[in-house]
Trainee: 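Supplied in structure tokens, the structure appears directly below.
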Amino acid sequence: MIKLLLVEDDANLCYIIQGGLEDMIGGYQVLTASNGEEGLAVWKAQQPDVIVADIEMPVMDGYEMVRRIREQDEHVPILFTSGRVSPKDMVKGYELGVNNYVKKPFLAEELHAHITALLKLTRGMSVQKEVREVLIGKLFSFDTVRGVWKQKGGEERMLTAREADLLRMLCEHKGQIVRREVILSRLWNTEEDYFASRSLDVFVSRLRKLLAADDTVELKTVKGVGLMLEEKV
């Protein structure tokens with residue numbers, strides 16, 4: 001069953017779309033929100049497989065919601081629905097990270113076809129990206145699928161789930177600063193909790209110990225901003 005987040009401020013339309021999707025063979029678990037702010041909160045709490053969102057909404061529009069989601073998640077498929085979209089609007093959406101547009105009005109079956117095609121594409125791309133080993137510095141590699149840390153000619157170590165998730169996130173953005181609140185939001189489902197923040201510090205310390213034998217790579221703390229996995233030339 002596909003977990004879908006539907007962000008739509010028209011209550012009647014939302015009800016119709018939700019019912020149509022939930023009645024399909026195989027079915028959808030449809031989560032709903034009436035504006036971008038609510039959509040952002042539901043996305044953080046529920047981590048849906050796909051997001052379908054209107055553009056023009058009160059409180060927070062679809063563009064701003066997508067911008068904030070893409071700061072933390074590059075992969076969740078997002079479709080915009082709209083009755084009137086200019087080429088300029090479409091370009092803006094695609095630049096923010098929207099995967100496709102569906103023009104209103106539409107039938108649930110039409111939306112289902114778009115979702116099915118998009119999930120096949122993005123899941124296939126995800127598999128291709130995940131099946132690999134990432135080289136870290138001169139001495140180490142990380143199996144991103146199994147969560148195994150390897151040292152050349154030496155030991156292999158199975159990382160804990162949280163260690164692996166954090167390292168995977170840092171490797172995805174190697175050489176770039178990953179904001180602390182983004183890490184906490186994705187891995188601890190919070191941005192400001194004191195205990196989650198201290199827990200993150202513990203896992204950073206553990207990863208630094210793994211890297212200590214190689215002076216060509218460093219896990220840096222950028223004070224007041226976040227973390228960066230940096231390889232020295």
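The analysis underlying the following values was restricted to heavy atoms, covering all of them including side chains, and did not include hydrogens, waters or symmetry mates.
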Trainee: Which other residues end up in the same hydrophobic cluster as Met228, if Ile, Leu, Val, Met, Phe, Trp and Tyr are linked when side-chain heavy atoms come under 4.5 Å apart?
Mentor: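 So far as hydrophobic clustering goes, Met228 is joined with Ile177, Val222, Val225.
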Trainee: Compare all side-chain heavy atoms of Leu200 with those of Leu184 and state whether any distance is below 4.5 angstrom.
Mentor: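 Yes, at least one pair of side-chain atoms sits under 4.5 Å.
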Trainee: What I want to find out is whether Glu133 reaches Lys150 closely enough, with some N-O distance under 4.0 Å, to be called a salt bridge.
Mentor: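 Yes.
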Trainee: Please determine if Arg198 and Asp201 form a salt bridge, counting it only when a charged side-chain N lies under 4.0 Å from a carboxylate O.
Mentor: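 Salt bridge: yes.
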Trainee: Restricting to non-hydrogen atoms, name the atom on Leu135 and the atom on Lys174 that form the minimum distance, rounded to 0.1 Å.
Mentor: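 The answer is O-NZ, 2.6 Å.
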Trainee: With clusters built from Ile, Leu, Val, Met, Phe, Trp and Tyr whose side-chain heavy atoms come within less than 4.5 Å, directly or transitively, what are the remaining members of the cluster of Tyr194, listed by chain and number?
Mentor: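 Noted: Tyr194 shares its cluster with Phe195.
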Trainee: Just to verify, what does Tyr63 make a ring pair (Phe, Tyr, Trp, His ring centres under 6.0 Å) with, not counting sequence neighbours?
Mentor: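 Applying ring pair (Phe, Tyr, Trp, His ring centres under 6.0 Å) to Tyr63 gives Phe80.
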Trainee: Looking only at non-hydrogen atoms, find the nearest pair between Pro77 and Leu118 and report the distance.
Mentor: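 Nearest pair, atom of Pro77 first, then Leu118: CB-CD2, 3.6 Å.
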Trainee: Ring pair (Phe, Tyr, Trp, His ring centres under 6.0 Å) with Tyr94: which residues, sequence neighbours excluded?
Mentor: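 Partners of Tyr94 under the ring pair (Phe, Tyr, Trp, His ring centres under 6.0 Å) test: Tyr101.
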Trainee: What pair of heavy atoms forms the shortest contact from Phe140 to Leu210, and how long is it?
Mentor: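 Phe140 and Leu210 have their closest heavy atoms at CZ-O, 3.2 Å.
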Trainee: Side chain to side chain contact (heavy atoms under 4.5 Å, CB included), that's the test. Do Val7 and Met65 meet it? Break it down for me.
Mentor: CA-CA 10 Å; Val7 189; Met65 183 190 73; 4.0 Å; yes
Trainee: Linking directly or through intermediates, with side-chain heavy atoms under 4.5 Å: list the remaining ILVMFWY members grouped with Val202, chain and number order.
Mentor: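 Val202 shares its hydrophobic cluster with no other residue.
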Trainee: Any salt bridge linking Arg67 with Glu71? Criterion: basic side-chain nitrogen under 4.0 Å from a carboxylate oxygen.
Mentor: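 Salt bridge between Arg67 and Glu71, a charged N being under 4.0 Å from a carboxylate O: yes.
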Trainee: A cation-pi test, strictly: NZ or CZ of Arg162 under 6.0 Å from the centre of the six-membered ring of Trp188 and no more than 45 degrees from its axis. Yes or no?
Mentor: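 Yes, a cation-pi geometry holds between Arg162 and Trp188.
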Trainee: Check the hydrophobic clustering (I, L, V, M, F, W, Y; side-chain heavy atoms under 4.5 Å; chains of links allowed) and say if Leu21 and Ile16 are grouped together.
Mentor: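 Leu21 does not cluster with Ile16.
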Trainee: I want to check something: taking the side chain as every heavy atom from C-beta on, are Val50 and Leu5 in contact at a cut-off of under 4.5 Å?
Mentor: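 The answer is no, as the side chains (C-beta and beyond) never meet within the 4.5 Å cut-off.
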Trainee: Which pairs with one or both residues in residues 1-11 pass side-chain hydrogen bond (donor to acceptor under 3.5 Å, both in side chains), sequence neighbours excluded?
Mentor: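 Sorted result for residues 1-11: Glu8-Lys104.
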Trainee: Less than 4.5 Å apart, side chain to side chain, heavy atoms only: is that true for Val42 and Thr32?
Mentor: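 No, their side chains stay 4.5 Å or more apart.
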Trainee: As a quick check of understanding, evaluate side-chain hydrogen bond (donor to acceptor under 3.5 Å, both in side chains) for Arg180 and Ser197, giving each step before the final call.
Mentor: CA-CA 9 Å; Arg180 191 176 180 89; Ser197 184; 2.9 Å; yes
